[in-house]
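Everything on this sheet refers to the single structure shown next.
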Amino acid sequence: MSQPAIRASKDEDRLACVLDVLIVGAGIAGIYQLYRLTERGLDVRVLDAAHGVGGTWYWNRYPGCRFDSESYSYGYFFSDELLQGWSWTEVFATQPEIERYLNLVVDKFDLRSSITLDTTVQSARFDDRSSTWTVTDDQGRLWRTRFLITALGMLSEPQYPPVEDRSKFRGPQYHTARWPEQAVQFTGRRVAVVGTGSSGVQIISSIRHEVSEMFVFQRTPNWCAPLNNRIIDSAETSEIKRNLPAMHDLCMTTPMGFVHQPESTSAWDHSATERLAFYEDLWARPGFAKVASNYPELATDPVINTEFCEFVEGKIRARVTDQAVADLLVPRDHGYGGKRPPFEIDYFEAFNQDNVELIDLTQTPLVKLTSAGLRTTAAEYPADIVVWATGFDAITGAYDKIDIRGLDDRSLFDLWLDGPRTHLGIQSPGFPNLFFLSGPHGTSGNMPRCIEVQVDFVTALLDHARDNGATRVSCTSDAEEIWTRHVMDTASRAASDPLKDWKYGANTPGKKIIYRAYAGGLDTYRSKCAEVINSGFEGVVFSA
Ligand code: NA7
């Protein structure tokens with residue numbers, strides 16, 4: 001009898017706040033959701049483990065980190081004043097500029113006082129009687145909230161290779177997604193970079209002229225293509241600003257949310273010569289045009305995919321002096337789009353430098369770290385600094401770190417053990433008043449455009465709850481079943497290789513191989529969300 005009473009009073013002492021909404025994550029999604037709900041007069045708080053706002057754009061502060069979505073298509077579109085007041089300096093802005101932008105947004109809309117930083121959420125429990133969540137943080141505080149929104153990021157849980165003796169290395173080692181705030185000095189240092197995905201490609205290109213020596217440890221080469229970045233001058237800025245609303249609407253009608261429009265001409269309506277001219281044109285265009293505006297057959301017809309890969313191979317070989325090195329840089333195990341292709345600035349030129357060595361981990365795997373460097377099965381490579389550009393436990397990794405318990409103490413981890421089960425990637429049955437942003441089964445591409453749809457959906461859901469006096473919002477098992485099946489059906493449309501792509505969890509040892517993103521496209525996702533809203537939220541139950 002006395003036991004629960006004592007626990008309750010201790011809990012009350014630890015109670016930091018009773019809220020309408022608690023958002024976990026102060027990245028692109030968390031900030032926009034905070035803005036929308038604060039606008040409605042709700043009592044909202046955001047918690048984030050980082051020391052600053054920005055999520056991805058706080059943590060990934062490594063040299064060379066920048067957008068590969070066009071800057072002006074990436075920002076927020078909820079305020080004309082913000083749109084007209086901010087000018088991006090490059091087509092693909094660097095991390096410091098992006099972080100400045102996000103801080104400006106937070107200050108301009110007076111959101112900072114609603115954000116608590118340096119706070120890691122450890123658990124969340126739903127109380128059936130009061131229809132509230134109790135969230136525990138790493139400082140022992142409790143936060144009670146009616147609604148809980150997780151804005152954890154699809155790629156936020158860094159992953160290290162399972163190599164022996166990682167702590168034995170005597171120098172500093174950094175993961176690209178946990179980069180320190182103070183600048184790392186590379187000048188005159190011997191640097192080992194492990195991983196050649198988007199992050200590895202960016203940092204290798206960026207530090208190649210500073211290092212005294214660089215060892216690049218590559219397991220799988222990627223189909224890297226030129227980013228084609230450039231400065232935006234004032235005339236172009238004015239032109240961009242004039243067209244922003246139209247450009248936004250155009251992005252929202254595409255499958256990936258980019259400014260690049262899908263190509264409607266079939267590859268087979270062009271001759272081989274015309275196709276080559278088409279590829280050359282794509283090559284000169286910025287960023288994701290090579291994926292988003294390629295022939296429709298790129299994802300579906302192996303003949304066209306192989307032809308494009310041969311074209312890219314030619315481009316790589318033309319830039320790399322030593323063809324034995326080029327042999328290692330050309331992917332052999334997946335087609336274009338089988339894995340998310342990186343976009344680069346002078347990446348291949350790094351391998352023409354005498355002080356840069358490429359180590360093929362498929363021939364000589366990484367064995368361990370020593371105090372002085374990295375050892376493969378063939379040799380030891382001395383280094384002063386080790387950079388892990390080894391990616392993420394993607395999509396569900398950040399969820400697995402929080403003990404989330406819904407009705408009957410059921411854990412979300414258990415529900416998603418064989419793959420996530422969601423309605424619209426936003427709710428799971430048995431977890432009332434919990435909404436996911438940019439989590440599993442959500443659409444991806446130009447992320448803020450995808451996030452915008454989900455935040456607006458959750459906002460509409462909460463408006464509906466308020467208007468109907470509902471204190472509990474749940475999704476039905478039927479709705480979850482239908483959406484999860486739709487996610488699986490559409491997965492086969494993606495060019496993704498189940499054994500290579502992080503969207504399947506293929507990059508995380510031991511993780512079940514199952515599609516965790518949504519391949520139906522942003523345009524389809526948007527219509528599905530609109531259908532649910534227009535139906536009065538079919539599949540969602542509102543109760544008092
Ligand atoms: P990625 O794209 O997952 O790349 C991680 C890289 O690290 C990739 O080259 C991996 O090789 C390599 N890796 C991972 N584990 C190991 C081990 N155990 N040994 C050797 N090499 C390893 O992450 P990024 O951070 O570059 O990019 C993530 C996203 O950020 C990207 O998709 C964009 O959306 C932005 P592998 O290919 O697995 O053989």
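Atoms within a ligand are numbered from 1 in the order they appear, just like the ligands themselves.
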Looking at [atom], what's its closest protein heavy atom, distance included?
| atom | value |
| --- | --- |
| atom 3 (O) of ligand 1 | Gly391 CA, 3.8 Å |
| atom 31 (C) of ligand 1 | Ser198 OG, 3.7 Å |
| atom 4 (O) of ligand 1 | Gly197 CA, 3.5 Å |
| atom 32 (O) of ligand 1 | Trp502 NE1, 3.1 Å |

In terms of atom number and element, which parts of ligand 1 are under 4.0 angstrom from non-hydrogen atoms of [X]?
| X | result |
| --- | --- |
| Leu155 | 29 (C), 30 (O), 34 (O) |
| Thr196 | 6 (C), 8 (C), 9 (O) |
| Ser199 | 24 (P), 25 (O), 26 (O), 27 (O) |
| Pro161 | 17 (C), 18 (N) |
| Gly195 | 6 (C), 7 (O), 9 (O), 12 (C) |
| Thr220 | 36 (P), 37 (O), 39 (O) |
| Leu361 | 20 (C) |

Under-4.0 Å heavy-atom contact with ligand 1, by part of Thr176 that carries it: neither
Sub-4.0 Å heavy-atom approach of Lys339 to ligand 1: yes
Close approach, Leu366 and ligand 1, non-hydrogen under 4.0 angstrom: no
Nearest-option assignment for atom 28 (C) of ligand 1, heavy atoms, candidates Trp388, Tyr160, Phe392: Phe392
Selected option - heavy-atom contact closest to atom 17 (C) of ligand 1, from Arg219, His334, Arg340: Arg219
SB check Asp501 Lys339 (cutoff 4.0 Å): no
Does the separation of the ring centres of [X] and [Y] fall below 6.0 angstrom?
| X | Y | result |
| --- | --- | --- |
| Trp416 | Tyr399 | yes |
| Phe92 | Phe67 | no |
| Trp88 | Tyr72 | no |
| Tyr101 | Trp86 | yes |
| His260 | Phe288 | no |
| Tyr518 | His486 | yes |
| Tyr62 | Trp57 | no |

Parallel, tilted or perpendicular: rings of Phe308 and Phe311 (30°, 60°): parallel
Parallel, tilted or perpendicular: ring planes of Tyr35 versus Phe78, cut at 30 and 60 degrees: parallel
Heteroatom distance test (Ala389, ligand 1): nitrogen or oxygen, under 3.5 angstrom: yes
Between Gln323 and Arg317, a side-chain donor and acceptor under 3.5 Å: yes
